[in-house]
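Notes for the one structure printed next.
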Number of protein chains: 2
Amino acid sequence: MPAAEEPGRQRKRGVELERAIKDATIAELACGGYGSVTIESVAARAQTGKGSIYRRWPTKQELVLDSLGDLLAGPLLGAVEMQLDDKISTRDAILTLVRRITKLMSGLGGDAMRSIMGESLRDEAFCGTFECDFFDPRKQVLIGLLERGVRRGEVRPEAVSVLVPEMLAGTLIHRVVVRRRPISDAELVELVDGFVMPAISPR
Amino acid sequence: MPAAEEPGRQRKRGVELERAIKDATIAELACGGYGSVTIESVAARAQTGKGSIYRRWPTKQELVLDSLGDLLAGPLLGAVEMQLDDKISTRDAILTLVRRITKLMSGLGGDAMRSIMGESLRDEAFCGTFECDFFDPRKQVLIGLLERGVRRGEVRPEAVSVLVPEMLAGTLIHRVVVRRRPISDAELVELVDGFVMPAISPR
DNA sequence: GCACTAGTGCACGTTTGCGTTCCTTATCCA
DNA sequence: TGGATAAGGAACGCAAACGTGCACTAGTGC
C-alpha cells in the first residue's frame with residue numbers, strides 16, 4: 001500500500017527506509033529466487049518509490065547482494081554466540097547449539113537461508129562470500145567448543161576437526177533448509193550421541 | 001550455430017532433438033538458475049528453433065521441469081547401483097559409495113545438482129519431487145548396505161537409521177555442491193572411519 | 001518423384017521489468 | 001517561516017523475453 005494513499009502517513013527516511021527496502025528484498029527473494037524479484041515489487045512491499053531505491057543502489061543486482069550481505073551478518077542468522085556455563089559438558093553444549101540452529105532454520109531463518117543458498121548456487125562469487133561471512137565464523141564456534149572439550153578431557157585432541165562442524169551443518173541444512181523436512185529432537189539427540197560423541201570422545 | 005547456417009548439416013529429429021533441447025536447458029539452468037534461462041538461448045544451444053520447442057512444451061516452466069525430471073532419473077545422477085562382492089566389508093562398501101558420490105558431484109553432476117537444488121529451493125512442489133525421485137531411492141541403497149552389514153555381523157541392528165544416509169548425503173552435498181569445496185580422499189576416509197563406523201559398529 | 005511430416009528461421013504482438021526523469025509532497029533545521 | 005533535502009508516484013524509453021504464426025526447407029516413405 002503506497003504511503004501516499006494514506007494521507008498523513010509518515011514517510012520513512014534514511015536508515016529506517018534502507019532497512020525496509022532490504023527486508024522487502026529478502027522477502028521477495030525468499031518467494032521465488034532472484035528472477036522473481038522486481039524493483040517495483042520491492043518498492044511496493046517497502047512502501048516506497050523506485051526512485052528512492054535507485055538513489056541508494058545503482059542496480060537490482062547490487063541491492064540483492066547488499067541485502068543478502070546484511071542477512072549474513074544480521075541477527076536472524078547472526079553469529080551463534082554461546083555463553084557457556086562452566087559446568088556444561090561438551091555433549092550438552094553441542095546439543096544446545098544444534099537445537100538452536102535447528103530452531104533458527106525451521107523458522108524465518110530457513111527462508112533467509114534458502115534465499116542465500118539460491119544465490120550461492122547461482123553465483124560463484126557470492127558462494128565465496130557465503131563461505132567467508134557465514135560459514136567460517138560459525139565453524140569456529142564449534143571448533144572452540146571442541147577445544148574447550150579437549151581442555152576438560154572430554155574430547156580427544158586429534159578429534160578437533162573441521163569435519164565435525166561441516167557434518168553437523170551439512171546434515172541439518174540439507175535436511176531442514178533444502179529438503180524442508182522437520183527434524184525431531186530425538187533425531188538431534190541421535191545425531192549428537194550416535195555420530196558426534198563417538199567420533200570425538202576419548203576411547 | 002543454427003543448423004541452417006551450415007548448409008547440408010543434418011537436422012536433428014524426434015527423440016534426438018528432444019534430448020538436445022533438454023540438455024541445452026540443463027546447461028542454461030546451471031549457468032545462472034531459472035531466471036537466466038531463455039527459450040531463445042536454449043534453442044541456440046540445441047541448434048534448433050523456438051517453434052520446435054513450443055511444439056513439445058507449452059511453456060518454459062514445463063520445459064524446465066521436464067528437463068530436471070529427466071536429469072533426476074538419468075544416467076548422470078542415476079541410481080547408484082552397487083554390485084557387491086560378497087567379500088567386501090560394510091566399511092569398504094560405504095567408502096566406495098561415498099567416493100563414487102563425491103566423484104559424481106565434483107564433475108558435471110555438480111552442475112546438474114546445483115540446477116536441481118536451485119529449483120528445489122525456489123519451488124516447494126519441485127522440492128517434493130526431488131525428495132521422491134532423487135533422495136529416497138538413494139537413501140534406500142545405503143539402508144540396504146546397512147542391512148547387509150547386520151546380516152554379516154558388522155552393523156548393530158539398531159544402527160540401521162535414515163540418519164546415516166542423511167548425514168553422508170548432507171555433508172557431501174553441502175560441502176561439494178553448495179560450498180563448491182573439493183573434499184580429499186583422506187577426509188572421506190575420516191568421515192567414514194571417524195563418524196559412520198563408530199556409529200554403526202557393534203560395541 | 002511426390003506427398004506428407006517435421007524442423008528452421010524470422011518477424012511479430014504483447015508483456016514485463018530495468019532504469020531514468022521529473023513534479024509534487026513531506027521532513028528537517030536554522 | 002522558509003530553504004534545503006529527501007521521498008513518493010507516475011510516466012517514460014528501452015530492451016528483453018514469451019509465445020505465436022508462417023513461409024521455406026529438409027527428411028521420410030511409398
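Scope of the values below: all heavy atoms of this structure, side chains included, with no hydrogens, waters or symmetry mates. Proteins come first, then strands; the chains are lettered A, B, ... in the order of their sequence lines, and each starts at number 1. Because the structure is predicted, anything quoted here is derived from the model rather than measured.
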Flag this pair as yes if the NZ/CZ of B:Arg179 is under 6.0 angstrom from the six-membered ring centre of A:Phe130 and inside a 45 degree cone about the axis; otherwise no.
-> no
Residue pair A:Ser67, A:Leu29: steps toward the side chain to side chain contact (heavy atoms under 4.5 Å, CB included) verdict
CA-CA 10 Å; A:Ser67 303; A:Leu29 206 48; over 6 Å; no
B:Gln47 atom CD is separated from C:dA6 atom C1', nearest whole Å, by 18 Å
With sequence neighbours left out, the residues meeting salt bridge (Lys or Arg N to Asp or Glu O under 4.0 Å) with B:Arg148 are none
N/O contacts under 3.5 Å, protein versus nucleotides 17-24 of chain C?
residue	atom	partner	partner atom	Å
C:dC18	OP1	A:Val37	O	3.4
C:dC18	OP1	A:Lys60	NZ	3.2
C:dC18	OP2	A:Ile39	N	3.0
C:dG19	OP2	A:Tyr54	OH	3.2
C:dG19	OP2	A:Lys60	N	3.0
C:dG19	N7	A:Lys50	NZ	3.4
C:dG19	O6	A:Lys50	NZ	2.8

Heavy-atom closest pair (A:Leu121 atom, B:Met117 atom, distance to 0.1 Å) is CD1-CB, 3.8 Å
I'd like to know if the side chain of A:Arg114 reaches the main chain of A:Val177, judged simply by a donor and an acceptor atom lying under 3.5 Å from each other, with no hydrogens or angles considered.
yes
B:Arg13 atom CZ is separated from C:dG7 atom C1', nearest whole Å, by 8 Å
Worksheet item: Between B:Ser36 and B:Glu28, is a side-chain hydrogen bond (donor to acceptor under 3.5 Å, both in side chains) present by the stated rule, with each step listed?
Response: CA-CA 7 Å; B:Ser36 75; B:Glu28 293 289 320; 5.8 Å; no
*asked:* At less than 4.0 Å, is any side-chain N or O atom of A:Arg56 found next to OP1 or OP2 of D:dA7? Yes or no.
replied: yes
Whole-Å distance, B:Leu17 CG to C:dT5 P, equals 18 Å
B:Trp57 CH2 to C:dG7 P, in whole Å, measures 11 Å
Separation of D:dC18 atom P from B:Glu62 atom CD, nearest Å, is 14 Å
